[in-house]
2 protein chains.
Amino acid sequence: MTAAKPRAVGRGRPSKAKGLDLKETILDAAEGLFARHGFHGVTTRQVAAEAGVDTALIHYYFGAKRELFDAVFVRRAEILNQAREASMNAYVAAHDAATMTVEGVIEAFIDPLLRISQDGGPGWKSYFALVAQVNNTPAWGGETMARFFDPVVHQLVETLKTVRPQAEYRDLYWCYQFLTGSMMLSLSETGRIDSLSEGECHSSDLEAVRQRLFAYCAAGFEAVIAKHAKA
Amino acid sequence: MTAAKPRAVGRGRPSKAKGLDLKETILDAAEGLFARHGFHGVTTRQVAAEAGVDTALIHYYFGAKRELFDAVFVRRAEILNQAREASMNAYVAAHDAATMTVEGVIEAFIDPLLRISQDGGPGWKSYFALVAQVNNTPAWGGETMARFFDPVVHQLVETLKTVRPQAEYRDLYWCYQFLTGSMMLSLSETGRIDSLSEGECHSSDLEAVRQRLFAYCAAGFEAVIAKHAKA
DNA sequence: GTCTATAGCTTGATAGAC
DNA sequence: GTCTATCAAGCTATAGAC
């Protein structure tokens with residue numbers, strides 16, 4: 001079923017491959033499998049088979065299975081954080097208080113992820129599906145997400161606070177939760193909207209997401225802020 | 001850690017317990033464990049220990065492990081669907097075309113779930129966490145969600161279409177995806193917003209969700225519909 | 001219906017040859 | 001660095017006593 005053909009690695013014979021390439025190959029294989037089946041749904045043997053290497057090598061490079069998972073999660077997290085931070089800094093630098101909008105800030109926060117998913121190749125698709133799963137994992141998901149992604153979220157909230165100073169932090173945090181739920185489900189491309197809409201929509205169509213999600217979230221934020229302000 | 005004390009069942013000695021009670025006890029135990037750790041993260045032995053019954057009984061009542069999981073998933077799905085269908089029918093019956101609003105329809109769709117989660121006890125909390133996980137599972141989540149929850153979603157979309165006839169189905173389906181991402185993440189109460197907001201918000205505070213989510217989603221729908229109408 | 005006992009695999013991880 | 005071989009533990013599932 002998932003018994004894909006073992007992938008050859010590096011140049012020439014496998015035994016000539018460099019350790020560094022092999023590490024990346026193992027991470028790629030683990031990433032795809034963890035994204036589809038979750039941590040417990042994957043065995044180290046499956047990862048080895050998918051990567052075309054021996055089981056023992058996985059433990060040689062990464063140690064225990066959980067450490068392999070963490071290595072997968074860490075690998076792209078920093079890239080993501082830097083892209084988002086740069087995007088939001090650029091937006092703030094390009095605007096003054098008068099021209100900044102809630103939608104603009106939200107777009108600067110979300111768009112890097114959509115763009116990376118569209119242009120980054122299949123590894124990134126798997127990674128987003130993985131993060132979406134972790135995001136909804138009660139046992140250790142909240143803590144893991146916090147460890148890697150809290151700083152950039154605080155940057156978002158603070159920037160929104162400068163755009164709407166009358167907004168309460170409570171409202172901004174709740175709205176962020178709504179936003180991240182929508183964003184992560186869209187990025188994970190589960191295919192549910194395809195069958196639900198009977199072909200009208202495709203979860204792989206991130207351009208359609210881009211055309212709607214920013215406006216949707218921005219209007220949501222504004223409505224919640226306005227509701228609380230008048231109360 | 002999760003080695004909770006085996007729960008006694010029924011009246012008097014365990015051996016006197018009725019089979020029906022035992023089945024429910026096993027389902028309760030399985031529900032809580034699957035919700036926290038996912039399908040592959042739970043063993044039938046753990047379920048048996050948590051329920052205070054023997055491993056063999058689980059297979060006697062439910063067959064294979066996957067069938068146990070399906071039984072857990074099915075048990076509350078129908079109750080949920082009936083509550084939501086009734087809520088939406090009641091809303092439509094109580095209003096005419098002039099007084100129906102997008103926010104009213106959305107509230108009729110979401111509020112039953114919030115209410116059940118608030119009043120239904122810990123079993124329902126686990127169930128929502130479970131559904132949230134399935135919702136974000138690429139491998140078989142989309143198909144499973146579709147099998148159990150598509151009809152009531154179509155009812156939502158059709159009702160919204162009567163309230164906003166100029167809206168395109170494409171937009172309604174995409175907005176539904178955004179809505180369900182927010183709703184499911186809120187219902188799963190992962191605790192992330194607690195640490196993120198440094199105590200300002202608590203994921204268990206569904207009253208706070210109620211005060212914001214309906215308005216948030218309704219404004220999002222309206223914004224996307226309006227954007228497309230003028231384009 | 002419920003328990004004991006166990007069959008038959010698969011798992012994560014390692015020791016040691018090359 | 002990479003592979004062969006293997007271990008101890010844990011897994012699902014069942015057969016059969018009561």
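Numbered from 1 within each chain, the chains take letters A, B, ... in sequence-line order. Since the model is a prediction, treat every value here as computed from it, not as a measurement.
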Between the protein and nucleotides 14-18 of chain C, list the N/O to N/O atom pairs that are separated by less than 3.5 angstrom.
none

Atom-to-atom span, CD of A:Gln46 to P of C:dT10 - whole angstrom:
12 Å
d(NZ, A:Lys65; P, C:dA13) in whole Å
8 Å
Can you tell me how far C1' of D:dT2 sits from CD1 of A:Ile26, to the nearest Å?
11 Å
Under 6.0 Å from the six-membered ring centre of B:Trp140 and within 45° of its axis: does the NZ or CZ of A:Arg192 meet both?
no
If you compare every side-chain N and O of A:Tyr61 against the phosphate oxygens of D:dT2 (OP1, OP2), does one of them come in below 4.0 Å?
yes
Side-chain donor/acceptor of B:Asp54 to backbone N/O of B:Leu57, under 3.5 Å
no
Rounded to whole angstrom units, what separation is found between the CG atom of A:Leu22 and the C1' atom of D:dG1?
9 Å
Just distance, no hydrogens or angles: give the donor-acceptor pairs under 3.5 Å from side chains in residues 127-138 of chain A, sequence neighbours left out.
unit_1: A:Tyr127; atom_1: OH; unit_2: A:Phe73; atom_2: O; d: 2.7
unit_1: A:Tyr127; atom_1: OH; unit_2: A:Ala77; atom_2: N; d: 3.3
unit_1: A:Thr137; atom_1: OG1; unit_2: A:Gln133; atom_2: O; d: 2.8

So what does A:Val47 hit on the nucleic acid, given a heavy-atom distance under 4.0 Å: a base, only sugar-phosphate, or nothing?
nothing
Identified salt bridge (charged side-chain N to carboxylate O under 4.0 Å, His left out) counterpart of B:Glu31 within the set B:Arg36, B:Arg76, B:Lys125:
B:Arg76
When you measure from the side chain of B:His154 to the backbone of A:Ser197, do you find a donor-acceptor pair of N or O atoms at a distance under 3.5 Å?
no
Expressed as a whole number of angstroms, how long is the span from A:Leu68:CG to C:dA13:C1'?
13 Å
What are the atom names and distances for every N/O pair under 3.5 Å that joins the protein to nucleotides 7-9 of chain D?
none

Residue from A:Leu33, A:Ile26, A:Thr25 passing side chain to side chain contact (heavy atoms under 4.5 Å, CB included) with A:Glu50:
A:Leu33
Whole-Å distance, B:Arg66 CZ to D:dC11 C1', equals 18 Å
Sidechain N-carboxylate O distance under 4.0 Å for A:Asp119, A:Arg115:
no
Report yes if the side chains of A:Tyr176 and A:Phe109 come closer than 4.5 Å at any heavy-atom pair, otherwise no.
yes
Protein-nucleotide distance (B:Phe39, atom CZ; D:dC11, atom C1'), rounded to Å:
12 Å
Roughly how far apart are B:Asp111 CG and B:Ser87 OG, rounded to 0.5 Å?
6.5 Å
Write down the distance between CZ (A:Phe69) and P (C:dG12), rounded to a whole number of angstrom.
14 Å
